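Below is one structure, written out as structure tokens, with a few remarks after it.
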Amino acid sequence: MELSSLIVSNNRKHILVVFIGLVCISKIALASAEESQIYTVHLGERQHDDPNLVTDSHHEILGSLLGSKEASRESMIYSYRHGFSGFSAQLTPSQAKELSEHPHVVHVTRSKNMKLKTTRVSDYLGLSSTAPTGLLHETDMGSETIVGILDSGIGPRSDSFNDKGLGPIPARWKGQCMSGEGFNASTDCNRKLIGATYYAKGLLRKYNGTFNAAEKDEAMSPLDKVGHGTHCASTAAGSFVQNVNFLGQGQGTARGSAPRARIASYKVCWNNEECFTPDIIKAMDHAIRDGVDVLSLSLGSEVPLDFEVDRSDFAIAAFHAVMKGIPVVSAGGNDGPHTQTVANVAPWIITVAATTMDRDFFTPITLGNNITLLGQETLYNGMEVGFADLVYFDELTTEDFEAGKVKGKILFYFDTSNSDVDIADIAEKKGAVGVIMASQPTDTMGETPGLIPTAYVDYEVGMDILLYIQTTTAPIAKISPTKTFVGRPVASKVARFSSRGPNSISPAILKPDIAAPGSGILAAVPSETGAGYEFMSGTSMATPTVTGIVALLRQKRPKWSPAAIRSALVTTALQTDPSGEPIVAEGSPRKLADPFDYGGGLVNPVKVADPGLVYDMGYDEYVHYLCSAGYDDRSISKLLGKIYTCPSPTPSMLNVNLPSITIPYLSEEITITRTVTNVGPVGSVYKAVIQEPQGINVQVNPQTLVFGSNTNKTTFTVKFSTTHRVNTDYHFGSLTWTDNGAHNVRIPLSVRTRVLNFKL
Ligand SMILES: *[C@@H]1O[C@H](CO)[C@@H](O)[C@H](O)[C@H]1NC(C)=O
Ligand SMILES: *[C@@H]1O[C@H](CO)[C@@H](O)[C@H](O)[C@H]1NC(C)=O
Ligand SMILES: *[C@@H]1O[C@H](CO)[C@@H](O)[C@H](O)[C@H]1NC(C)=O
Ligand SMILES: *[C@@H]1O[C@H](CO)[C@@H](O)[C@H](O)[C@H]1NC(C)=O
């Protein structure tokens with residue numbers, strides 16, 4: 001265990017070196033293996049209430065290894081003392097190994113890089129309704145809550161961070177607003193942006209003094225130079241701002257999910273790509289001390305995932321935050337539509353998928369036969385050009401361009417090459433008056449690259465255009481400026497990029513948990529005038545949407561645990577979009593969305609505060625998960641900071657009290673237990689409604705749940721049996737508890753038959 005945790009790493013080369021170093025004891029390998037690295041040393045739950053004593057104990061342990069307190073001070077980068085107890089230090093692999101054998105050390109991980117989960121800047125979508133829902137009113141839009149955003153910093157002068165009408169900063173706030181390059185705490189923080197700090201010590205140490213902020217267009221301060229952190233913060237908790245638009249599109253009022261919640265910005269990502277785990281977990285450690293109500297992290301590790309994800313520094317820091325009642329909301333990642341790509345899969349994290357509404361904006365293309373087709377993905381706001389000749393080449397060559405064959409014409413082509421040649425750019429330089437490109441659909445939307453109108457169509461529409469060209473003697477076309485279709489119901493889809501389950505670490509733990517709009521989100525970016533707004537796409541954008549809703553819930557339901565909040569999100573989620581259309585998942589082929597695409601479904605802020613029943617979890621349930629995941633008593637005891645013995649027999653992961661049931665291997669039959677807590681009216685009576693997965697029999701016992709004044713919690717069982725005779729893929733269904741429709745508490749069921757008893 002020790003050895004395997006020591007070599008947790010994204011860097012396969014490094015793993016190899018350690019193996020060679022240990023096994024062959026070759027001199028060369030040892031030399032490179034002994035290069036120092038940054039490790040995080042986990043000591044479990046802190047043993048002292050006084051943070052200074054916690055840090056002293058860290059220096060004692062490290063000092064005894066390195067020979068002196070001085071050496072310890074030099075090596076140590078951070079001491080963590082509000083969430084879990086631990087520290088990050090620069091160590092050689094053999095020192096790290098020695099430490100991992102120290103009696104007080106839970107385990108040692110090599111620090112690694114995480115990344116922001118945005119896809120591409122400049123995407124599009126209509127603004128969601130700005131009419132405040134019931135929940136917004138009932139919670140004064142979250143004015144008493146503090147949202148902690150760990151990201152690329154903050155552009156403080158955005159209109160979205162105005163503090164008009166906000167009361168004093170909540171008294172429990174203990175955080176800081178720091179000054180630094182381009183950031184003046186006394187003028188840049190206010191009653192909206194109440195905290196702004198930055199964490200770079202880990203990164204600076206990793207670069208060994210060669211990280212030059214100016215060269216990398218970074219500021220050693222809370223200031224956001226990238227835009228991502230500002231965008232996420234304003235999506236979660238931006239104030240109301242009128243007349244926001246980007247290039248004339250998306251005109252309307254901008255606001256975050258919780259428009260009056262306070263923002264605490266923790267800058268942990270640098271240069272748009274590096275979010276180093278020691279910096280992230282130090283920020284989480286401070287956020288716990290500072291008094292945030294919810295943590296939002298639009299970042300994650302790259303797929304393929306590390307093994308031991310439950311023990312990754314971030315997952316463990318999140319565990320301790322959740323144990324202190326602070327929900328952690330994190331991005332599922334942008335590696336879809338392939339399966340098993342979802343990241344941040346620990347059962348205590350709220351993992352968010354992204355939906356898109358990508359047909360809100362169209363660039364009309366009118367052919368000479370008066371048929372109008374709809375181009376996507378580019379915004380053209382220039383002049384109406386009018387009809388021009390439409391040209392297509394079977395093989396487009398440089399000579400064609402040089403011979404002036406596109407001059408004054410609209411060029412149509414299929415983008416099939418993988419080359420980086422920017423045909424639209426060349427066409428414009430050679431005098432084309434428009435470009436239509438047929439390509440595989442993506443989820444992005446950008447400005448037209450040049451000055452001439454450029455429209456993208458998918459292959460299907462491309463074939464219609466080609467047919468028109470080939471059957472017409474003098475084909476012509478015109479490209480009109482992009483039109484916004486506001487208020488027209490459009491089907492929501494799980495975005496193509498949104499990472500999919502099943503969870504590759506613990507397949508019985510459904511991930512993602514919930515989906516929210518994440519494609520073409522218009523939100524603030526840093527700007528001196530304060531009026532900078534841009535479209536961005538990614539699970540990064542979906543995450544703060546959920547974070548803001550969680551903030552509202554924290555205000556409305558202060559006693560709910562993070563698990564109860566997650567349960568409310570999942571069981572009230574929508575499987576159909578507001579127009580009543582089932583939500584589909586983009587990918588190839590497109591299909592109805594299933595729980596591996598969107599967990600419970602699309603987040604539903606209208607119902608989330610009144611779910612009726614919740615599937616709650618606390619300390620014991622999470623620890624049972626760790627037992628079922630195969631961690632031994634010793635490791636778990638150290639993680640928790642007290643002696644712990646897993647129950648015997650070891651709890652089944654299938655019984656972790658999640659608002660979902662996922663059975664990766666059903667051979668004949670299995671009975672699963674869940675417990676629900678009534679958070680609705682006393683005396684409620686619920687009946688089970690089952691939608692069976694195909695070929696699976698599902699029996700719930702009891703079929704009726706009665707909640708009296710003394711029974712707020714009740715346990716039921718669900719028996720699954722398969723009628724399949726062969727191994728199948730997953731089939732999906734649902735279990736809904738309903739009190740005559742006042743509440744419909746729905747959880748997704750995902751079952752895969754594995755006929756294991758082969759007899760030869
Ligand atoms: C920050 O702003 C305050 C108030 O305007 C001003 O007095 C102070 O000089 C500023 N500090 C810096 C470093 O610019
Ligand atoms: C860091 O830099 C110092 C001096 O610049 C050098 O002595 C040391 O070996 C470097 N350490 C690593 C790990 O590169
Ligand atoms: C296209 O529409 C215009 C205006 O409605 C009309 O004058 C023209 O005849 C139509 N052309 C064709 C080919 O239908
Ligand atoms: C059950 O919930 C009700 C209403 O929230 C509360 O008054 C009561 O004390 C709870 N009972 C128990 C046994 O927890």
Side-chain angles (χ1 to χ4, degrees), residues 8-11 14 34-42 55 58-59 62-63 66 69-83 86-93 95-96 99 108-116 149-154 175-183 185 195-226 228-229 264-287 289-290 297 299-302 312-314 317:
V8 166
S9 164
N10 276 328
N11 183 343
H14 179 74
E34 282 309 296
E35 249 177 41
S36 68
Q37 306 276 350
I38 296 168
Y39 292 90
T40 297
V41 178
H42 294 253
T55 299
H58 298 162
H59 279 297
L62 185 58
L66 301 177
K69 289 236 158 158
E70 233 118 84
S72 167
R73 265 192 293 276
E74 198 151 292
S75 160
M76 193 179 295
I77 299 163
Y78 288 123
S79 162
Y80 309 113
R81 50 197 206 174
H82 300 285
F87 57 88
S88 294
Q90 191 159 4
L91 301 166
T92 64
Q95 287 168 338
L99 261 185
V108 179
T109 52
R110 202 163 82 91
S111 301
K112 61 178 191 187
N113 199 32
M114 294 171 85
K115 289 200 166 184
L116 297 169
I149 309 274
L150 273 70
D151 212 292
S152 64
I154 193 112
Q176 263 186 297
C177 184
M178 284 175 152
S179 287
E181 197 184 332
F183 199 97
T197 45
Y198 62 102
Y199 298 83
K201 271 168 88 174
L203 187 79
L204 294 176
R205 187 72 73 97
K206 177 170 137 190
Y207 276 91
N208 199 4
T210 62
F211 184 89
N212 184 324
E215 257 170 35
K216 297 201 181 256
D217 194 24
E218 260 303 348
M220 274 298 150
S221 76
L223 186 67
D224 179 15
K225 300 283 272 188
V226 172
H228 190 274
S265 164
Y266 299 84
K267 180 171 173 180
V268 296
C269 295
W270 299 84
N271 191 27
N272 200 17
E273 50 189 18
E274 298 205 70
C275 323
F276 198 41
T277 48
D279 298 323
I280 295 171
I281 56 182
K282 185 64 191 178
M284 290 173 83
D285 195 54
H286 276 168
R289 174 202 64 190
D290 294 349
L297 292 98
L299 45 88
S301 36
E302 299 289 276
S312 80
D313 296 334
F314 165 57

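From a predicted model like this one, the values you see are computed outputs, not experimental measurements.
Interatomic distance, CZ of Arg289 versus CZ of Arg81, reported as 8.0 Å (0.5 Å rounding). In this structure, CZ in Arg205 is found 11.5 Å from CG in Asp279, a value given to the nearest 0.5 Å. Between the CG atom in Leu150 and the CE atom in Met114 there is a gap of 10.0 Å [rounded to 0.5 Å]. Once rounded to the nearest 0.5 Å, the distance linking CD1 of Ile154 with OG of Ser221 reads 12.0 Å. Once rounded to the nearest 0.5 Å, the distance linking OG of Ser179 with CG of Leu223 reads 11.5 Å.
A salt bridge is defined here as a Lys NZ or Arg NE, NH1 or NH2 lying under 4.0 Å from an Asp or Glu carboxylate O, and Lys282 with Asp285 meets this definition.
The minimum heavy-atom distance linking Leu91 with Ser75 is given by the pair CD2-OG, 3.9 Å. Between Leu297 and Ile280, the shortest heavy-atom contact is CD2-CG2, 4.0 Å. The two atoms that bring Asn212 and Ala214 nearest to each other are OD1-N, 3.0 Å, heavy atoms only. In this structure, Cys177 and Phe183 approach most closely via the heavy-atom pair SG-CE2, 3.8 Å.
By the 4.5 Å heavy-atom criterion applied to side chains, Pro278 and Ile38 are counted as neighbours.
Between Ser88 and Tyr80, the side chains place a donor N or O and an acceptor N or O closer than 3.5 Å (distance only, hydrogens not considered). At a cut-off of 3.5 Å, with distance as the only test, a side-chain donor of Gln90 or Ser36 sits close to an acceptor on the other residue. Using a 3.5 Å distance cut-off with no hydrogens or angles, the side chains of Ser72 and His59 do pair a donor with an acceptor.
Paired with Glu218 under the rule side chain to side chain contact (heavy atoms under 4.5 Å, CB included), one option of Lys267, Glu181, Glu274 passes, and it is Lys267.
Aromatic ring pairs are classed by plane angle as parallel below 30°, tilted from 30° to 60° and perpendicular above 60°; the pair Phe211 and Trp270 is perpendicular.
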